[in-house]
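Throughout, residue positions are numbered sequentially from 1 according to the sequence presented. Read the numbers this way: they start at 1 and go in the same order the structure lists the ligands and their atoms.
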Amino acid sequence: MTAPTTTLPSASGATAVRDRVAPAGATLPDGATSDGRPPRLRLANVHKEFVVRDRSRGRRGARRRFVAVDDFTLDVAAGEFLTVVGPSGCGKSTLLDLLGGLATPTSGSIQLDGHEITGPGLDRGVVFQQYALLPWRTARSNVEFGLAAKGVPRARRSAIAREYLDLVGLTGFEDRYPHELSGGMKQRVAIARSLAFDPEVLLMDEPFAALDAQTRETLQDELLRIWRATGKTVVFITHGIDEAVYLGQRVAIMTPRPGRLHSVLDVDLDVESAEDVRSTAEFGALRHEIWTRLHAADKQEPHHD
Ligand SMILES: Nc1ncnc2c1ncn2[C@@H]1O[C@H](COP(=O)(O)OP(=O)(O)OP(=O)(O)O)[C@@H](O)[C@H]1O
């Protein structure tokens, strides 16, 4: 079953349309893609349970199953920028762990280019909220580190690291250690490190949540620029509605207890050409629509296992 996709009627006037042409491999309503290839990512009836201890039933607690993600079905096209928004605890990070191969679904399937994801791989780069940089290595050395593991020769490593640090706007800061960089700069290094592998897919788990508002907005624009330049498929987790609307071509809305896909919203905003797109009526309408859906979902009766 494919989640319903809704496009808000675009209000008259200023904003042009971002990417009216479907990206290569865009998913058609029947689940096929425009060029006949499988979607870059295909999640089919993904279900993830954890075993937890119920402390209300004795000191040691009886073991019971907890459903974190339930019946999640969604295709992500090659080159698409998908944002996933939902309240705290709705299973967003669990979903990203599953996509990253850091966890396996209890049932259901997750495929990348038609192949089942069975573990972590260099075809997926992951960027977390915490930068996870090695503190004793410089920015360049942090980027090179992963390339060494991939078997890239030393001379080539240095050139690739320079190229990606340049792409994220850190030329001149290559030899700084993490403690000599701002939070935004550290996150840029983390993004450069993930991109340096040249992964098919960039998986981002609230990467800008720890940053101040201004740095966050700057990095959002940087990320969009990098996405356009590289054509990567991006899955970006956030609990910020504005961030989800600003970045995503589509926004997947999740509901909690258990984490389910509520719906998917198409975003037709021209972030590039509008002066301050966040203050436009179209942006406000999209934000309100997502807010309404999240609140409607939250009022549903809690689901008990
Ligand atoms: N390893 C685990 N064992 C047991 N329960 C877990 C485990 N990992 C996550 N959970 C539970 O699964 C649910 C979803 O957690 P998850 O971290 O995916 O949510 P989230 O939407 O990313 O939350 P947040 O926005 O607060 O980061 C939560 O109720 C959490 O307690």
Query raised in the report: Are Arg278 and Tyr246 in a cation-pi setup, meaning NZ or CZ lies under 6.0 angstrom from the ring centre and within 45 degrees of the ring axis?
Result: yes

Query raised in the report: Any side-chain donor paired with an acceptor under 3.5 Å for Thr238 and Glu243?
Result: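 Their side chains do contain a donor-acceptor pair, which is all the 3.5 Å distance test asks for.
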
Query raised in the report: Sub-3.5 Å donor-acceptor pair from the side chain of Ser279 to the main-chain atoms of Asp276, do we have one?
Result: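 Side chain of Ser279 to backbone of Asp276, a donor-acceptor pair under 3.5 Å: yes, one is there.
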
For ligand 1, list all ligand N or O to protein N or O distances below 3.5 Å, rounded to 0.1 Å.
{"unit_1": "ligand 1", "atom_1": "18 (O)", "unit_2": "Ser93", "atom_2": "N", "d": "3.4"}
{"unit_1": "ligand 1", "atom_1": "18 (O)", "unit_2": "Thr94", "atom_2": "N", "d": "2.8"}
{"unit_1": "ligand 1", "atom_1": "18 (O)", "unit_2": "Thr94", "atom_2": "OG1", "d": "2.6"}
{"unit_1": "ligand 1", "atom_1": "19 (O)", "unit_2": "Gly91", "atom_2": "N", "d": "3.3"}
{"unit_1": "ligand 1", "atom_1": "21 (O)", "unit_2": "Gly89", "atom_2": "N", "d": "3.4"}
{"unit_1": "ligand 1", "atom_1": "21 (O)", "unit_2": "Cys90", "atom_2": "N", "d": "3.1"}
{"unit_1": "ligand 1", "atom_1": "21 (O)", "unit_2": "Gly91", "atom_2": "N", "d": "3.0"}
{"unit_1": "ligand 1", "atom_1": "21 (O)", "unit_2": "Lys92", "atom_2": "N", "d": "3.0"}
{"unit_1": "ligand 1", "atom_1": "21 (O)", "unit_2": "Lys92", "atom_2": "NZ", "d": "3.0"}
{"unit_1": "ligand 1", "atom_1": "22 (O)", "unit_2": "Ser93", "atom_2": "N", "d": "2.8"}
{"unit_1": "ligand 1", "atom_1": "22 (O)", "unit_2": "Ser93", "atom_2": "OG", "d": "2.9"}
{"unit_1": "ligand 1", "atom_1": "23 (O)", "unit_2": "Gly89", "atom_2": "N", "d": "2.8"}
{"unit_1": "ligand 1", "atom_1": "25 (O)", "unit_2": "Lys92", "atom_2": "NZ", "d": "2.8"}
{"unit_1": "ligand 1", "atom_1": "26 (O)", "unit_2": "Ser88", "atom_2": "OG", "d": "2.5"}

Query raised in the report: Just how far is it from atom CG of Leu269 to atom CZ of Phe283, taken to the nearest 0.5 Å?
Result: 7.0 Å

Report task. Provide the full list of side chain to side chain donor-acceptor pair (under 3.5 Å) pairs with a residue in residues 137-146, sequence neighbours left out, each pair given once. Result ->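 Counting only pairs at least two positions apart or across chains, the side chain to side chain donor-acceptor pair (under 3.5 Å) contacts touching residues 137-146 are Arg137-Ser141, Arg140-Asp175.
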
Requested in this report: Show your reasoning for whether side-chain hydrogen bond (donor to acceptor under 3.5 Å, both in side chains) applies to Asp97 and Thr94.
Outcome: CA-CA 5 Å; Asp97 285 352; Thr94 303; 5.6 Å; no

